[in-house]
Amino acid sequence: MPELPEVETFVRALRPAVVGRTIIAMHNTWPRHIDRPLPGELAERIAGRRIDAVNRRGKFLLFNLTPSGALVIHLRMSGHLSVVERSEPRDKHTHTVFILDNDTELRFRDTRKFGRVYLVDDPQEILYKLGPEPLSPDFTPESLAAMLADRKRAIKPFLLDQTMIAGIGNIYADEALHYAQIHPQRRTDSLTPAEIKRLHAGIQYVLDLGIKREGASISTYVKPDGEMGDMQNEVAVFRRAGQPCPRCGATIERIVVGGRSTHFCPLCQPNKKGDIPKENVSP
DNA sequence: AAGAGACCCTGGATGC
DNA sequence: TGCATCCAGGGTCTCT
């Protein structure tokens, strides 16, 4: 499932293929893919606009358009974007297509159909609720500490809350908590300064590694070119229940927290404040 | 504030 | 072999 590193991988791959291209038409076979405006109106309005930049905010892709506006895409569970020759046959799950001015097209394939497309004047219409970018300088241990102290909930759903921190999904939440040796059900206001520092480092470490490895091909995700990412080989706990923890060898468990399957090591992520076996402290 | 549950979807896994 | 059923998973919404 595309999270921040997977979306970043799409952005980097698409950028050279679409920047400077003009969209000449849009085709859609699944109207619910288009959040706003109505599909017919989007097709009419987007034709003739040029893509000037491709960026990411949280898990959203942003295509800046000239003379105005932005195309915003969220891939949700199974979305995939690629730019291919128009002559290439379309996959049956390709529901939205932007035809470009050089005989290529930007294809939005989405098996689960949860993805969404928006054409807006100002992306803030969609993005205003998002929390900070976890890899930006304004995300610091201090800013994280302030957010955590302010509420009383389990840390795992906190990490998945896009209004707190933008871009973390189920894989990277579990991995960051394992890195930081924090139990997923720990209350946000119970974390010690040392734990918060480790969590901050863990979030940045796993997301950065995810980007370097071009995403985790664990369920359906593949890179824009159809190849698998490499992050699935670096994963310590996610979907590894029953297997040994790479840090301490204990058996990884799966529980449900906030309605999401959650994977953790019961030995190096104990559910007690500060209770970390000293032989298992990470290097 | 925050948790629980429903909803949207399909393919893969499991059950019979 | 084949059919029915369950489940994951991000985000949004409603209810408590």
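Quick caveat: nothing in here was measured; it's all calculated off a predicted structure. Sequence lines set the chain letters: A, B, ... in the order given, protein chains first and strands last, and positions in each chain run from 1.
The main-chain N or O of A/Gly167 is found under 3.5 Å from a side-chain atom of A/Gln162 such that the two form a donor-acceptor pair.
Aromatic rings of A/Phe114 and A/His74 (six-membered ring for Trp) have centroids beyond the 6.0 Å cut-off, not under it.
A rotation axis mapping the C1' atoms of four pairs onto the next four is fitted at both ends of the helix from B/dA2-C/dT16 to B/dC16-C/dG2 over five pairs, and the angle between these axes is 50° to 10 degrees.
If you take CE of A/Met77 and P of B/dC7, they are 18 Å apart, rounded to a whole angstrom.
Using a 4.0 Å heavy-atom cutoff across all strands shown, A/Arg254 reaches sugar-phosphate atoms only and no base atom. Residue contacts shown for A/Tyr172 are absent, as no nucleic acid heavy atom lies under 4.0 Å away.
Taken to the nearest 0.5 Å, the CD1 atom of A/Ile168 stands 5.0 Å off from the CG atom of A/Leu159.
For the pair A/Arg57 and A/Glu133, the salt-bridge criterion is met [side-chain N within less than 4.0 Å of a carboxylate O].
Contacts between residues 156-167 of chain A and DNA chain B, defined by a heavy-atom separation below 4.0 Å, involve no residue at all. For the segment residues 108-118 of chain A, residues with any heavy atom less than 4.0 angstrom from an atom of DNA chain C are, sorted by number, A/Arg112, A/Phe114.
Side-chain contact between A/Phe98 and A/Leu71 is present, with at least one heavy-atom pair separated by less than 4.5 Å.
Screening residues 111-126 of chain A for side chain to side chain donor-acceptor pair (under 3.5 Å), with sequence neighbours left out, gives no hits. Residue pairs meeting the side chain to side chain donor-acceptor pair (under 3.5 Å) criterion with at least one partner in residues 89-100 of chain A, sequence neighbours excluded, are A/Asn28-A/Thr96, A/His33-A/Thr96, A/Arg90-A/Glu105.
In terms of position along DNA chain B, the nucleotide closest to A/Arg151 lies nearer the 5' end than the nucleotide closest to the other residue of the pair A/Arg32 and A/Arg151.
Contacts between chain A and DNA chain C, taken as any atom within less than 4.0 angstrom of a protein heavy atom, begin and end at C/dA8 to C/dG11.
In this model, the phosphate group of B/dG11 is approached by a side-chain N or O of A/His93 to a distance below 4.0 Å at OP1 or OP2.
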